[in-house]
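Encoded as structure tokens, the structure appears first; notes follow it.
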Amino acid sequence: MAGALNALALDSLNAHQREAVTLTEGPLLVLAGAGSGKTRVVTTRIAYLILARRVPPGEVLAMTFTNKAAREMGGRVASMVKGGRERPSIGTFHSFGVRFLRRHIELLGYGPDFSIYDEHDQLQVVREVLGEMDAQTWYTDKSALYALQRAKSGGLGPQELLQLQDSPSDVLLGAVYREYQRILREMNAVDFEDLLQLPMRVCRDHPEAAGRYFERFRYVLVDEYQDTNKTQHDLLRHVTAPHGNVCAVGDDDQSIYAWRGADPGNILNFEEDFPGTRVIRLERNYRSTDTILSAANQLIAHNPERKGKTLHGIRGPGKPLEWIEGDDERDELEKVVTHLKLNKLRAGTSLSSVAILYRSNFQSRGIEEVLREEAIPYLLVGGTRFYDRREIKDAVAYLRLVHNPNDEVSLNRVINFPGRGIGRTTRARLLEIARRESQPCMAVMRRARGYREFTGPAAQSLESLAALLDRYRARFEREPLGEAFRALLSELGIHRAVEKEKSDPKAKETAVALVHELEQATDLYARRHPQARLKAYLERIALYTMPEEPDGRGGQPMVRLMTVHSAKGLEFPHVYVIGMAEDVFPHRRSLEEGGEAEERRLAYVAITRAEKQLVFSMGKERRRLREVIPQRPSRFVLEIDPALFDGVPPVAGDAAAYRPIQEQKKAAARSRFFDQLRKLQAGG
DNA sequence: CTATGCGCCCTTTTT
DNA sequence: GGGCGCATAG
């Protein structure tokens, strides 16, 4: 035991960190600056609870924001706490919600085989609702979903929205929202927010059941607390109410998810919500050079409303910052890659110590191109998510439908893929009959030939599809996952169908390769989780953006490419932030929505990823469609003292002439929107 | 009724 | 560069 305790290496922690590890009882808020050893504190705390305080691992619950962070945390804890069969529960809020709902969702009238809808699926539902209510004039599907999610993540139900009646748009949105929820219920589907909200509803309506589930978690930790929304906060209060042993770790300066409902107020008001909270600040930065930290501190000082925190380094000044300016995007990126190659040649930098960060996913395309030409290996992290690829979604839709026959969004995807002669009209009739008889579509399909509405071939197609799905439902019950899936795909002729969809031979090839990859990923999952049924696999797919990777990858050193959002929580000796231009970073859409402070925090996150070297770049022009847009340096690089730069620092450019034109277009669209609202109000 | 092809729109970040 | 809606042909 003494040996195990030594493994915690408490001696090597500073006084604040040690306090954060050993104050185990009661609420604790750790305000941890970037690079202050936060992850180490969290993992050591868990190990400390188990090894020193003899807390059974099953009583520890740790929630993080991303799967990546959860995996990392779990791995580190496991290496400190060896042996023992029981493990602490470590996962994302959402996976915690799924596990809870697996046991209790039936209390709310949902079936146990619920589907989990992503944004794409949600949009299909919203589109249907808007069509039904004839509300497309007021909302686009995206704007409606966006507004609805906002209300939902703020803890507002449709009824509350309808009662608010602050504006006609609230009333309309309330109606859309109510219908959206009704359809989801009918399809036995939940969205991501439901994964948090439905557990909360169980807490409210069935406190005994919820209490029984939660009572075993006697020590609760939450990482990245600044990124939690209201529901998550409420859930946390519920789980910890009996004992108050909650440790929240976060950094208000790194809050970058307000756009998706995160409420920084959660961390700012933590002390009020959890009376008796001890607060510990970790401001010593072990990661970056003083130059990098000065840049970060100078930048973030431009934000109002902070808890106020300054990072202090221990590593000395280090290298100056660098600014690379290219004639256009292509030139910018070539210069970046040249810089990278020189780095490697002169200083022997390993490619795996380098990260190239950008604001938006589409920016990866350009840099990938140049890296490929220069034969520099790279690893794209995140990006177009595997399970979002069309071909993958189509194949997965079959799995979802086999598992949950009520899942009509998935049904819609597969009903004519591969082509079986079912078009819009047949679909509309199917829906109509189902509504009329208050039955699921699948039930109508099973006896399609009994309805005069369907013409011969269509009726036959519908029945055989229903029969096929029923048959595979039984097969998935008894056969191994991989085998059943392979049989299903081959019986459907998915490979051929996917190929037929594309005309370009290259596209054909990648589409088929994707399906193969999905088959392999399924096999791999089945091998790693021999007990797992279809249900578990679908949950895995819904919650993770990437399939499991085969072992032994990544032996070769590679440059990492990712968005700043994906880079949060990571660190790299050498960091390039490309596209540091106004309207790109900060992103203009975000500015329009009043998100300057959040964009600045995002830039702060980017800067504080770097340990030794930090390089910014920009192209003087950017092409979009047929336009050429002049670029000027991002306000964020201009907020950094020029003296910190080597060579020529970024210089403020002239305000470009294109801006007013874009603004006018926006303003015109907005006034049209409000005109329509006024009309709606007048009409009752 | 369905399949196919063309033109129009926007394109932030993610569980 | 990609997805969706619409028009036309089979």
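- Using a 4.0 Å cut-off between a side-chain N of Lys or Arg and a carboxylate O of Asp or Glu, D253(A) and R601(A) do not qualify as a salt bridge.
- A donor-acceptor pair is defined here as one N or O able to donate and one able to accept, closer than 3.5 Å; no such pair exists between the side chain of H403(A) and the backbone of L399(A).
- Taking the side chain of T426(A) as heavy atoms from C-beta on, and the options dC1(B), dT15(B), dT14(B), the nearest nucleotide is dC1(B).
- Closest approach to the Q124(A) side chain among dC4(C), dT12(B), dT15(B) is made by dC4(C) (side chain taken as heavy atoms from C-beta onward).
- Taking atom CZ of residue R420(A) and atom C1' of nucleotide dA3(B), one finds them 15 Å apart after rounding to whole Å.
- Salt-bridge annotation for E517(A) and R389(A): absent, with no side-chain N of the basic residue lying under 4.0 Å from a carboxylate O of the acidic one.
- Looking at the side chain of H94(A), the nearest of the listed nucleotides dC1(B), dA3(B), dT15(B) is dT15(B).
- A ring-centre distance under 6.0 Å is not found for H302(A) and F636(A).
- Between Y358(A) atom OH and dT14(B) atom C1' the separation is 14 Å, expressed in whole Å.
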Would you write out the dot-bracket form of DNA chain B, 5' to 3', with Watson-Crick and G-U pairs under 3.5 Å, [ ] for crossing pairs, | for pairs to other strands and . for unpaired bases?
|||||||||......

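- Residues F192(A) and Y117(A) place their aromatic rings such that the two centres sit no closer than 6.0 Å.
- The CZ-P distance, from R427(A) to dG5(C), rounds to 11 Å in whole Å.
- Among the nucleotides dT2(B), dT13(B), dT15(B), the one closest to any side-chain atom of R260(A) is dT15(B).
- Comparing dT13(B), dG1(C), dC4(C) by their closest approach to the side chain of R365(A) singles out dG1(C).
- Heavy atoms of R127(A) sit under 4.0 angstrom from primed sugar atoms or phosphate atoms, though from no base atom.
- Minimum atom distance to the side chain of T563(A) is reached by dT13(B), of the listed dA3(B), dT12(B), dT13(B).
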